[in-house]
Q: 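Take a look at this one; I'll ask things after.
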Amino acid sequence: AIYNYDPSGEQELCLQVGDTALTCSFSPSSYIHLKEATVEGIGQQEIIIPADSPLVQEIGATLREWAQIWHKLFVANKTSMFRSVQQMAYSLIEYRSQIVSGTLPKDDLVELKKKVTAKIDYGNRILGLDLVVRDEAGNTLDPDRTSTVSLFRAHETASRSVDDRIQEEKAGFCDLLMFTVHTYSLLMNLKNFVCNIGEDAELLMSLYDPDQSEFISENFLVRWDSMGMPKEIEKLNNLPALFTDLSSSDLMRQRLFLVCQIIRVGSMELKEGKKHTGGLRRPFGVAVMDITDIAHGKTDEDKQHFIPFQQQLIMSPLIPSRVIGENEPLTAVFNKVIATREVNHKGQGLFVTLKLLPGDLAQVRKDYPHFVDRSTAIVRKMGFPEIILPGNVRNDIYVTLLQGEFDRGKKKTPKNVEVILSVHDDEGKPMEKAIFPGAGYDGITEYKSVIYYQVKQPCWNETVKVTIPIEDVCRCHLRVMFRHRSSQDCECLCFICMEKKKPACNPATIVNSIKIVTAALLDLFFHSLFSVLLAKFIESIPDSQLVRQKLGCMYEGGKITLLHNYTYCRDVLLPLVTDQLSGQLDDHSSKPDHEACVQLLSTVLDSLDRKDVGPTRGHVQLIMERLLRRVNRTVIGMDRSSPLIGHYLACMTAILKQMDDMHYAHYISTFKTRQDIIDFLMETFIMFKDLMGNVFPTDWMVMNLVQMQVFLRAINQYSDVLNMYFLDQAHFQLQLWNNYFHLTVAFLTHKTLQLESFSQEKRNKILNKYGDMRKAIGFKIRDMWYNLGPHKMKFIPAMVGPILEVTLVPQPELRKATIPIFFDMMQCEHNFSPRRTFEKFENELITKLDQEVEGGRGDEQYKVLLEKTLLDHCRRHRYLSQSGEELALLLSSLLENLLAYRTITHDGSREHRMSCTVNVLNFYKEKKREDIYIRYLYKLRDLHLDYENYTEAAYTLLLHAELLEWSDKPCAPHLIPRDGEYMWNQQELKERLFHEIIGYLDKGKVSISHRTGQAAGQDKNQAEFYEKIMHAMRPQPEYFAVGYYGLGFPSFLRNKMFIYRGKEYEWLEDFSLKLLSQFPNAVRMTSTAPPGDNISNSPGQYIQCFTVKPVLTLPHRFKDKGVPEQILNYYRTNEVDQFQYSRPFRKGEKDPDNEFATMWIERTTYITAYRFPGILKWFEVKSVSVEEISPLANAIETMEMANEKLSNLVQQQACDQSLSINPLSMMLSGIVDPAVMGGFSNYEKAFFTDTYIQKHPEDHKRIEVLKHLIALQVPLLADGIRIHGEKATEQLKPLHNRLVTCFQDLREKVEKHYGVITLPSSLTEKKKSRVGSVVMPYILSSTLRRMSTVSTLSNASSGLSSSSVSSDGHSCNSSQESVPGFAHCFLYLPFLLSGLE
């Protein structure tokens, strides 16, 4: 497809650019580009392969894979990586167009191919994709046609190449300067050298690559005197040197070091006096510094660096080997010091500064004259610069003195050899000052080497520069003279002259010559003769001597002979090779040379794995018999961080891969006893499990899959051994079988094989090459389980978890094959258990299912298949039909809750997470799984604490406390919270939980009970809680009804209504905005009426949200009592599960003169599943009822509320003189002043007429109640006006006088028509609590009605009369009975009372 196409009909395809479709014809044809292709596979595995070159196909597959990641990077706003991938993709697209054009010359095509593969490999690495292994031509390697060892080596090479490329990209050369400059210089300034030598010294400093053991530059020489000062005192604290001609590749090395060799110039030994020979150059120590970051431009260059000094010592048996030996080769010394993390320098070392400068010597001198002047030593690179400019002439010869071997002659000890180099012309005259031991000094005529004390094979590794005029080179030669030096004498050994025409002989040259001669001999003689001679030669050397040399010799000889089709040669050499390797890898070998062994073994295995070397079965058998167990144990004992572990694992895989069925059978037959077989299998099973995916890097996909494929075949072979030797009753081995099952389960669930986690491209590659190995091993697990027969019960419940892991792998065929194992386990336990149950299986399955689903495994398809499979099997069983069906449905319900919990855990909505957590813990509570139940309780508590829901956290923790008793009975382990420090008894733990609960409730501003037993602590804490209840501000939360309608909501919300408890001072608008932010696509409904089916069944989301009023429910002990308002306020918003919403509406025609007559109320009552507050801030509504309140009933409610409010306002004003009088003034005016009141006069017009009474005879009692409520207002108003008069200021006197006048008229009218109300006593009397605070009982309207009595005599009123109130508001005292009141206030929290009672 070259354009996107959106289908408009059922027969049309949806295409995106780049999609491939197999078709005979397509319309419209302009949307596609036809290509020749081949089809591989059938059905779901069908793959369409365009007829392009393999490289073009690889580019296409890579771009498709990168495109998916590119899209994710864009969504995640990872701008830098997004642009990098974009640029790499554009490059590949451009390269692809050049390749398919067919116009490139062959040489250009080869070069472009290298660029493409390098770009793909680099991109795959930085994107975390798999490494692609290729041959030398850049073609992808086929593992079926490549030996295992070669495949491993190709992975190493490819990985190293990509690492080098990344190192280049990460180096500090990303700016324009670094891309335009090709040559760099490193300026070093030696500030000081601190070391107590006592003799003259020479410091030779150079740049060094430890990975290649290679010196990059020549030496910078500094001479130091015996007093610890530079020889040239004027250079004190200023010894600059410029290392020049450094290319970007030099600086981008993986590691780069500045190294210094300190040479002592004096006596043979430091303790010798002046009479002994002097001027001898002796090794004294070294100093190294890692300058990689400086070379990469990552480190501050201006600071001074300290390079610690490490002394070289004369070795003796008493000195540990970690000490740097005086006589060790120089490169070995440097490498050892570099590898040493800490140096005990004791303050001795060098002080230097370093700075990287762009440009060659001329450029640096021009740009940085303040850094580089005539005193700066120029240290040249030992090689050419990256770019050689015209006129750049250089004629330097570098001579490196490597090593030598000298016979000791008649002496008992080796000689102290000094090498003297000099250059002579053809007449034998020395060339003056032609040798330069280091930059910074003039040349010398004769160079004397370092002397190593009594070393037969000294390794100098000293490099000097020989500078001769170009016209004199042809007539000069180098003279090398060797002398024995001791404390008092000098003995000339010999000298060698090496002319220009005759190349210098060194060990490396000699080795190369031997190889050439050996190859020539092999061309002349038969391979067989060479093999025999080589074998005899090796056998003639004692076993314990020259081990590495023997292995190296066999390695070189093996490469020559074993790679050819000469079976006889292998017959001769392989026994010898296996003997040597077996001895080296033996468990009792003291110091095996693992590196030499694996090189030799990998060469042998690589040669045997070729297709052109003739029959190899017998040779593979020999290696299997002698080396398989040895290699296994070597791998087991080797540290996983060892660089050789991958080599050995590749060799083990190669051996197993080359073994056929007969090899396996033969190998088992070589064991003498069953116990030997057990030991081998146990060792192998544990090793396989440990090695899978833990050795090779994760991006070595091909290598890891080859390893898994080979292991799979080996496991299948060993399965047959288990069935053959260890299945019968007499020889059954439980631990062996257990290890086998755990290995196979680990294999099946290994991340390398989880195809669903890979891209479609990678998945197809694996399926085409290896198939789905999970199916093969899964079917084997099933067969092996059924083979167990009567032994199955030994694996229940231990194997429930592993089998569950297998069944959860999202492979349909595998699930269908393995889920029936669960039924087999149920049946097995049922048959063997005394109670005929499968309780162990059930408990273990529930526990493991919880862990696995929470860990991310399982899905809806698994839930359906598990339920169906178990139901099908159980219903056909005679005894398990009922219990098995119950378990199947139970597991299905559990999975539904767990899957919802897992999904919501990653959701941003905390409400959803809490709801799903409650669903899960309720399930476990019902199943009495207290261990898992408590675990989810604490998850819920932590969620509440994260969002400061302290009250809900307390109620959650209370559920844990309810599981405990008030006893000293020890707590079961599962009852102790996860942060428990020691074993509690139940009472101790319960008290600890109550302390925590009280703390949360205090933070949540909820009243706390004083009856908490020992859990409440000291009296002081109790007193604090008393005071908080009576005096602390307790904001009452609002409650909101929320309905979620439409199919777009999750199942646990869909078409359900909930009541939410709001936070402090949270109003409807704020709550609604917060709610809608969780569902940005939802529509807020404006109506509070229940929605119709058109909304409930719609695919969208509709939210209904409005405020509801909690219904007060007082405990029985407070009934008909004057309860303090603080306590009453608690019950107004707490311990509630009923909520009401009232909506006014009209019936009949509206009366313009009196709207009350037709004003009805529709009151909806919602009852929640649990009371508030609780473990959530919301609960689902379980029942809804609707009733219509008539206008008369509404009037009664209104009057009751008005009387209750008036009564309690009067009480507050009477008990607290500090309160403002304004609220009382406003309420009294609203009732008694005809100008503002409309109160009960409207009720009289609406309900007290003859017409209404005749139409509604059933309302007679209600009318009398309303009249009683009207009459009840009079004594309440009388008390209110009396108190108003007492507190009224001079400014309020006119208002008060008007209130008195209006009240007289009102009182006369009410008493005349509705009687006189008498209350038993004053409700405004002050009462004292135990703590001395004023306590005002709050009188409810129902209590007022019960306490009042009605008299028809107007003068019988005990209330306010005209004679009892004067115009100034003062009242006459009369004795009245005291109203039974509270002696103290109750501090109440019902759940604590119930818990402690």
Side-chain angles (χ1 to χ4, degrees), residues 201-222 243 253 255-265 280-289 309-315 323-340 379-383 396-406 414-422 435-439 444 446-466 478 480-483 485 496 498 503-512:
E202 293 179 358
L203 279 63
L204 294 168
M205 308 180 71
S206 59
L207 301 181
Y208 179 69
D209 182 344
D211 296 317
Q212 303 295 327
S213 294
E214 173 187 15
F215 291 95
I216 300 170
S217 71
E218 60 188 31
N219 291 320
F220 167 50
L221 173 62
V222 177
F243 294 86
R253 293 172 186 258
R255 292 192 299 168
L256 186 64
F257 277 76
L258 175 66
V259 297
C260 176
Q261 183 186 19
I262 296 94
I263 296 172
R264 178 174 57 83
V265 182
L280 304 181
R281 301 177 75 236
R282 300 277 286 120
F284 187 73
V286 296
V288 301
M289 175 185 172
F309 167 73
Q310 174 71 59
Q311 186 173 359
Q312 291 175 263
L313 302 175
I314 298 177
M315 297 293 290
V323 175
I324 305 302
E326 178 196 81
N327 299 328
E328 293 187 60
L330 184 59
T331 54
V333 171
F334 282 136
N335 291 339
K336 184 178 280 190
V337 176
I338 288 171
T340 303
V379 187
R380 306 299 296 266
K381 175 183 174 182
M382 287 202 298
D396 294 331
I397 301 172
Y398 288 95
V399 178
T400 301
L401 186 62
L402 291 176
Q403 67 183 48
E405 183 171 355
F406 301 91
K415 300 182 182 297
N416 309 322
V417 178
E418 179 185 65
V419 182
I420 302 174
L421 300 178
S422 57
I435 299 176
F436 292 80
I444 58 178
E446 193 175 71
Y447 174 78
K448 297 179 180 180
S449 73
V450 172
I451 302 170
Y452 291 98
Y453 186 71
Q454 295 183 355
V455 177
K456 181 181 179 181
Q457 295 177 327
C459 297
W460 291 282
N461 236 312
E462 297 178 44
T463 300
V464 295
K465 181 168 68 174
V466 177
L478 180 68
V480 184
M481 186 168 67
F482 303 92
R483 291 196 298 184
R485 301 299 300 268
I496 303 174
M498 290 182 285
C505 291
N506 56 52
T509 308
I510 295 171
V511 171
N512 291 332

Q: Can you tell me how far the CG atom of L258 sits from the CZ atom of F220, to the nearest 0.5 Å?
A: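 Taking CG in L258 and CZ in F220, the distance rounds to 10.5 Å.
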
Q: Should V286 and F334 count as side-chain neighbours, where that means a heavy-atom distance under 4.5 Å?
A: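 In contact.
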
Q: To the nearest 0.5 Å, how far apart are OG1 in T463 and NZ in K465?
A: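 Interatomic distance, T463 OG1 to K465 NZ, rounded to 0.5 Å: 12.0 Å.
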
Q: State, to 0.1 Å, how close P437 and L204 come at their nearest heavy-atom pair, and which atoms those are.
A: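 Heavy atoms only, the tightest pair is O-CD2, 4.0 Å.
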
Q: Can you tell me if D209 uses its side chain to pair, donor with acceptor, with the backbone of D211 under 3.5 Å?
A: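 Yes.
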
Q: Hey, mind stepping through E214 and Y208 against side-chain hydrogen bond (donor to acceptor under 3.5 Å, both in side chains) and telling me if it holds?
A: CA-CA 6 Å; E214 173 187 15; Y208 179 69; over 6 Å; no

Q: Are R281 and E462 close enough for a salt bridge, meaning some N to O gap below 4.0 Å?
A: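 The answer is yes: the pair qualifies as a salt bridge.
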
Q: To the nearest 0.5 Å, what is the distance between NZ (K456) and CZ (F406)?
A: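 It comes to 12.0 Å.
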
Q: Would you please test M382 and Y398 for side-chain contact (heavy atoms from CB on, under 4.5 Å) and show each step?
A: CA-CA 8 Å; M382 287 202 298; Y398 288 95; 3.8 Å; yes

Q: Could you please spell out the steps behind the side-chain contact (heavy atoms from CB on, under 4.5 Å) verdict for L256 and I216?
A: CA-CA 9 Å; L256 186 64; I216 300 170; 3.3 Å; yes

Q: Taking the basic N atoms (NZ, or NE/NH1/NH2) and the acidic carboxylate oxygens, is any pair closer than 4.0 Å for E218 and R380?
A: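 Salt bridge absent between E218 and R380.
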
Q: Start with the C-alpha distance between L280 and V265, add both sets of side-chain angles, then the distance that settles side-chain contact (heavy atoms from CB on, under 4.5 Å), and finish with yes or no.
A: CA-CA 5 Å; L280 304 181; V265 182; over 6 Å; no

Q: Where do S213 and N335 land on the side-chain hydrogen bond (donor to acceptor under 3.5 Å, both in side chains) test, with the steps shown first?
A: CA-CA 8 Å; S213 294; N335 291 339; 3.1 Å; yes

Q: With side chains defined as the heavy atoms from C-beta onward, is the minimum distance between Q261 and I263 less than 4.5 Å?
A: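 Sidechains of I263 and Q261: in contact.
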
Q: Would you say the side-chain atoms of T400 and N461 include a donor-acceptor pair closer than 3.5 Å?
A: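 No, no side-chain donor-acceptor pair sits under 3.5 Å.
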
Q: Please verify the inter-ring angle class for W460 with Y452; under 30° counts as parallel, over 60° as perpendicular, anything in between as tilted.
A: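 Answer is tilted, since the angle falls between 30° and 60°.
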
Q: Is the backbone N or O of R483 less than 3.5 Å from a side-chain atom of E418, with the two atoms forming a donor-acceptor pair by type?
A: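 Between the backbone of R483 and the side chain of E418 there is no qualifying donor-acceptor contact (under 3.5 Å).
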
Q: Do the two ring centres, one from F309 and one from F284, sit under 6.0 Å apart?
A: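 Yes - the distance between ring centres of F309 and F284 falls below the 6.0 Å cut-off.
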
Q: Check the pair I420 / V480 against side-chain contact (heavy atoms from CB on, under 4.5 Å), numbers first and verdict last.
A: CA-CA 6 Å; I420 302 174; V480 184; over 6 Å; no

Q: Given 3.5 Å as the limit, does a donor-acceptor pair link the side chain of S206 with the main chain of N219, or not?
A: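 A pair under 3.5 Å: no.
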
Q: Rounded at 0.5 Å granularity, tell me how far CG in L203 sits from SG in C260.
A: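 Taking CG in L203 and SG in C260, the distance rounds to 4.0 Å.
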
Q: Is R282 reaching over with its side chain to a backbone N or O of V450, donor-acceptor style, under 3.5 angstrom?
A: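 Between the backbone of V450 and the side chain of R282 there is no qualifying donor-acceptor contact (under 3.5 Å).
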
Q: Side-chain contact, heavy-atom cut-off 4.5 Å: Y447 with S422?
A: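 Y447 vs S422: side chains apart.
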
Q: Report the distance from atom CD1 of I451 to atom NZ of K415, rounding to the nearest 0.5 Å.
A: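 Answer for the CD1-NZ pair, I451 versus K415, is 13.5 Å.
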
Q: Are the side chains of P210 and R255 in contact, using a 4.5 Å heavy-atom criterion?
A: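 In contact.
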
Q: Evaluate the side-chain proximity of L401 to S449: yes if any heavy-atom separation is below 4.5 Å, no if none is.
A: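 In contact.
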
Q: Minimum heavy-atom separation for V379 and A439, please, with both atom names.
A: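 Heavy atoms only, the tightest pair is CG2-CB, 3.9 Å.
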
Q: How long is the gap from CG on D396 to NZ on K381, to the nearest 0.5 Å?
A: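 Output value for this atom pair is 13.5 Å.
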
